[in-house]
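What follows is a single structure, written as structure tokens, with notes after it.
Just follow the structure's listing: the first ligand is 1, and inside any ligand the first atom is 1. Nothing fancy with the numbering, it's 1 onward along the sequence.
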Amino acid sequence: MNTEIFLGALRLKNPVLAASGTFGYGEEFKDFLKPKDIGAIVTKTITFSPRQGNLPPRITETAAGMLNSIGLENKGLDDFIKNKAPGFRKLKTPVIVSIAGDSPREYGELAKKLCAAGISAIELNLSCPNLKNSKLISQDPKTTYEVVKAVRKAAKAAIIAKLTPNVTDIREIAIAAEEAGADSVSLVNTFLGMGIDVNTRRPRLGNITGGLSGPAIKPIALRMVWETAGVVKIPVVGMGGIMTADEALEFIIAGASAVEIGTANFIEPKTSLNVVSGIKDYMRKNKIKDIKELIGSIRYK
Ligand SMILES: Cc1cc2nc3c(=O)[nH]c(=O)nc-3n(C[C@H](O)[C@H](O)[C@H](O)COP(=O)(O)O)c2cc1C
């Protein structure tokens, strides 16, 4: 049975990744699972300089998911290269570093320095404000193109462009990323939302608004992955509310070459592992020899 997939030059032994911001830097989860058993780990997003993040509270539960407004808290690039990157080899699975910058140039610089430090795969968190027009980068095809192009020029790494779902038509953004040289696109990041505590009449999040994730977003994320897979030739990495192997399989059948598991890690830290074994069980039961037979296999009657 073959579960291997490629995202550009990046080979993954199976199509299940841990999503950015929900799995730390990999090390934190080693009491729950062996990182080598999952396809790859995407790190929490890092930025050039340290960031303190948003005012608390930063997380609140919703009926079928959670809202977060962490605000990219991290210790910055230099600390990451010195204290986190050296431990990655021990994890024995590819580590994809998620980055965010203020401009195409800053994204390029970050990628260049990471490559020099031995990192070979990068996920571009494009859900950051674009300083020029106050939209998020991946709400605008032109800025998306500029950022991906800058990283493509600066670094030899495999590039995954991660898109925001807070757009009217995600396909035009995915096409811009592909044209600029991304090796794959991943979607979705969180949906903009908010919650109010009626007793205090205050917002539930310190930042007022935040990103909705978890089961509530799954049908919308699935639709967006299916739409995107229909228009790009590069692999699509799907995510949004995946809790079980069957849900991961829905994304794969809709056209995702791989999936990322996010919010589920907070409920059951072994979810990625359970999804890997569930996909293998399904393949065995349905006599599927290669995961590629399943990718985009949806049929219309
Ligand atoms: C607490 C939390 C922190 C997150 N931090 C990041 C981040 O730093 N960078 C990023 O690209 N996505 C981040 N995300 C988004 C997830 O990677 C994922 O795209 C999203 O939550 C949808 O998947 P899910 O429903 O499986 O969680 C975060 C999500 C959560 C819940």
| query | N189 pairs by side-chain hydrogen bond (donor to acceptor under 3.5 Å, both in side chains) with which of S138, S213, S127? | reply | S127
| For E28, which residues count as a salt bridge (charged side-chain N to carboxylate O under 4.0 Å, His left out) partner, sequence neighbours excluded? | none
| Is the backbone of S98 close enough, under 3.5 Å, to the side chain of T43 for a donor and an acceptor to pair up by distance? | yes
| note | Sequence neighbours excluded, the answer for ring-ring contact (aromatic ring centres under 6.0 Å, His included) partners of F23 is F29
| message | I'd like to know whether NZ of K75 has more than 12 heavy-atom contacts from other residues, nucleotides or ligands below 6.0 angstrom. | response | no
| said: I'd like the contact residues of ligand 1, where contact means a heavy atom below 4.0 Å. | reply: A19, S20, G21, T22, K44, T45, M66, N68, L72, N125, K162, V188, N189, T190, S213, G214, I217, M239, G240, G241, G262, T263, F266
| field | With R204 via salt bridge (charged side-chain N to carboxylate O under 4.0 Å, His left out) - residues at least two apart | value | none
